[in-house]
K.L.:
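Dropping the structure in here first, questions after.
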Amino acid sequence: MSKMIYLPNVATLQLSRETCIGCGTCLTVCPHGVLELADKKARIAVLDACMECGACATNCPVAAITVASGVGCAQAVINTLLRGRPPADSCC
Amino acid sequence: MSFTVEPGLYGVSQPDAEAPVLVTANYKLSFDHLRRHLHTTAAWIVVLETHGINVWCAAGKGTFGTSELCRQLATAGLDKLVRHRQIIVPQLGAPGVAAHEVRRCSGFRVVYGPVLAKDLPAFLAAGQQATPAMRTKTFPLAERAILIPVELLIAMKWGLLLSVVLFLLGGLARPLSAFWTNAVSRGSWWVLALWSGIVGGAVLTPLLLPVLPGRAFSVKGLAAGAVMALVFAGAQAGLATIPFSWAESAGMLLLIAAIASFLGLEFTGASTYTSLSGVKKEMRLALPAQIGGGLIAVVLLAIGGILR
């Protein structure tokens with residue numbers, strides 16, 4: 001099974017190496033191996049593998065990571081376009 | 001039939017003060033799945049109120065989250081039940097759970113467990129250590145295939161309505177006195193084209209996802225639609241009882257392509273690796289093309305089939 005990867009260069013993931021304390025929690029929680037440790041600090045290894053789930057940003061104790069996470073599905077975006085806001089239960 | 005379990009504290013296989021504490025959502029499938037994969041391991045299970053939604057979806061929404069976890073830990077009085085101070089949260093709960101904040105509110109340290117419950121026994125046996133494979137969310141064939149029924153159900157909601165509309169529209173070809181004959185000999189092929197598109201987008205796309213061309217799901221859906229279009233054209237050439245004009249044939253193939261591409265795009269919602277930013281970018285181009293393609297297809301069907 002080939003590695004499944006989505007569109008190139010769209011993920012909004014950003015990491016500040018100055019703020020990073022190298023705790024490694026972001027690496028632990030990422031389900032797609034987007035981040036890696038280098039010189040005792042985290043950095044983005046494979047940006048295109050990022051699905052913007054927000055696990056890393058939520059768990060960074062020093063808020064070194066930002067990402068625009070949201071309901072990542074076409075139907076939810078369509079619902080928002082049609083109704084002006086995501087419905088209470090945006091699951092289809 | 002209810003698919004939720006009551007939130008709160010549970011124990012499996014008679015846990016004692018040293019047993020691990022696991023956390024899950026109050027979706028029945030999540031709860032039963034966790035219990036099954038624990039086999040005979042004794043454990044405490046804290047069930048969060050996620051309104052019947054599974055861990056990963058609920059984490060994305062925030063209901064499987066820090067405040068709910070803090071609340072349930074306080075209610076359960078875990079500090080009086082276990083000697084250790086660790087709770088194991090499934091890794092896919094991480095989008096909603098801030099481990100450092102849970103430490104502050106409860107005194108318990110969050111250890112992230114493996115992605116899959118089936119890896120829990122090995123994880124626990126290794127002293128709560130996960131391998132890189134345990135920390136990776138894959139999307140293998142079995143997991144893609146199991147989504148097909150729900151994708152078909154979603155497509156069927158408007159698919160059945162459109163089928164009736166297309167069938168009746170086919171009857172409008174001249175002479176109108178032969179309405180029902182035309183509906184069967186012409187309209188049924190239009191309906192078959194519709195369903196070829198649905199099969200392309202809702203069945204082939206999930207099954208063949210990694211081998212379909214392109215990274216965008218609308219492109220993969222389009223490719224699957226092209227396969228179905230070939231099959232359809234072949235069937236039509238062999239089995240049609242009436243001749244179809246070029247416009248009509250083009251309309252049917254375009255319909256297959258547009259629908260398969262749209263349903264391929266819809267599959268992003270069920271996938272495990274698409275980003276919201278990517279989906280938005282894809283939609284900006286794909287949605288107008290799919291809607292436009294569908295409309296042109298209907299116009300071609302009308303020109304070729306009805307207005308001749």
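Atom set for the values below is all heavy atoms of this structure, side chains included, hydrogens, waters and symmetry mates excluded. Residue numbers begin at 1 in each chain, while the letters A, B, ... track the order of the sequences.
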K.L.:
Pick one of side chain, backbone, both or neither for A/Cys23, based on which atoms fall under 4.5 Å of a heavy atom in chain B.
P.N.:
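For A/Cys23, there is no contact with chain B at all, as no heavy atom is under 4.5 Å.
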
K.L.:
Examine whether an atom of A/Cys60 lies under 4.5 Å from a heavy atom of chain B, and if so say whether it belongs to the side chain, the backbone or both; otherwise answer neither.
P.N.:
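For A/Cys60, the contact with chain B is made by the backbone alone.
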
K.L.:
Between A/Met51 and B/Thr274, is there a side-chain heavy-atom distance shorter than 4.5 Å?
P.N.:
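No, side chains not in contact.
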
K.L.:
So which part of B/Val97 gets closer than 4.5 Å to some heavy atom of chain A, the side chain, the backbone, both or neither?
P.N.:
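Contact with chain A involves the backbone of B/Val97 alone.
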
K.L.:
Under the 3.5 angstrom rule, does the side chain of B/Glu266 hit a backbone N or O of A/Ala74 as a donor-acceptor pair?
P.N.:
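Here the side-chain-to-backbone pair does not exist.
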
K.L.:
Counting neighbours of CG on B/Leu207 that are heavy atoms of other residues, nucleotides or ligands and sit closer than 6.0 Å, is the number greater than 12?
P.N.:
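Result for CG/B/Leu207: enclosed.
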
K.L.:
Would you say B/Lys28 has more than 12 foreign heavy atoms packed within less than 6.0 Å of its NZ?
P.N.:
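For B/Lys28, atom NZ is not crowded (no more than 12 foreign heavy atoms under 6.0 Å).
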
K.L.:
Looking at B/Thr268 and A/Tyr6, what are the two nearest heavy atoms and their distance?
P.N.:
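The answer is CG2-OH, 3.9 Å.
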
K.L.:
So, do B/Thr138 and A/Met4 sit near enough that their side-chain heavy atoms are less than 4.5 Å apart?
P.N.:
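With C-beta onward as the side chain, the pair stays apart.
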
K.L.:
Measure A/Cys50 against the heavy atoms of chain B and call it side chain, backbone, both or neither at under 4.5 Å.
P.N.:
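Contact with chain B involves the backbone of A/Cys50 alone.
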
K.L.:
Considering only heavy atoms, which portion of B/Tyr112 lies under 4.5 Å from any heavy atom of chain A: side chain, backbone, both, or neither?
P.N.:
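Contact with chain A: side chain only.
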
K.L.:
Measure across A/Cys53 and B/Pro95 and return the closest heavy-atom pair with its distance rounded to 0.1 Å.
P.N.:
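Heavy atoms of A/Cys53 and B/Pro95 come nearest at O-CB, 3.4 Å.
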
K.L.:
Please report the interatomic distance OG(B/Ser277) to CG(A/Asn9), rounded to the nearest 0.5 Å.
P.N.:
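So the gap between those two atoms works out to 11.5 Å.
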
K.L.:
Considering only heavy atoms from C-beta outward, does the side chain of A/Pro31 approach that of B/Arg135 to under 4.5 Å?
P.N.:
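Heavy-atom side-chain distance check fails, nothing below 4.5 Å.
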
K.L.:
In the structure I gave you, are the side-chain heavy atoms of A/Val77 and B/Leu276 within less than 4.5 Å of one another anywhere?
P.N.:
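Yes, their side chains come closer than 4.5 Å.
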
K.L.:
Can you see which heavy atom on B/His100 is nearest to which on A/Thr58, and at what distance?
P.N.:
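In this case the closest contact between B/His100 and A/Thr58 is CE1-O, 3.4 Å.
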
K.L.:
From B/Leu287 CG over to A/Ile78 CD1, what is the distance, rounded to the nearest 0.5 angstrom?
P.N.:
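Output value for this atom pair is 5.0 Å.
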
K.L.:
Verify, without hydrogens or angle tests, whether A/Gln75 (side chain) and B/Gly269 (backbone) share a donor-acceptor contact under 3.5 angstrom.
P.N.:
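No; zero donor-acceptor contacts below 3.5 Å.
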
K.L.:
If you measure from CG on A/Leu7 to OG on B/Ser275, what distance do you get to the nearest 0.5 Å?
P.N.:
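Going from the CG atom of A/Leu7 to the OG atom of B/Ser275 covers 6.5 Å.
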
K.L.:
Just verifying a value: how many Å separate B/Lys137 NZ and A/His32 NE2, rounded to the nearest 0.5 Å?
P.N.:
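So the gap between those two atoms works out to 8.0 Å.
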
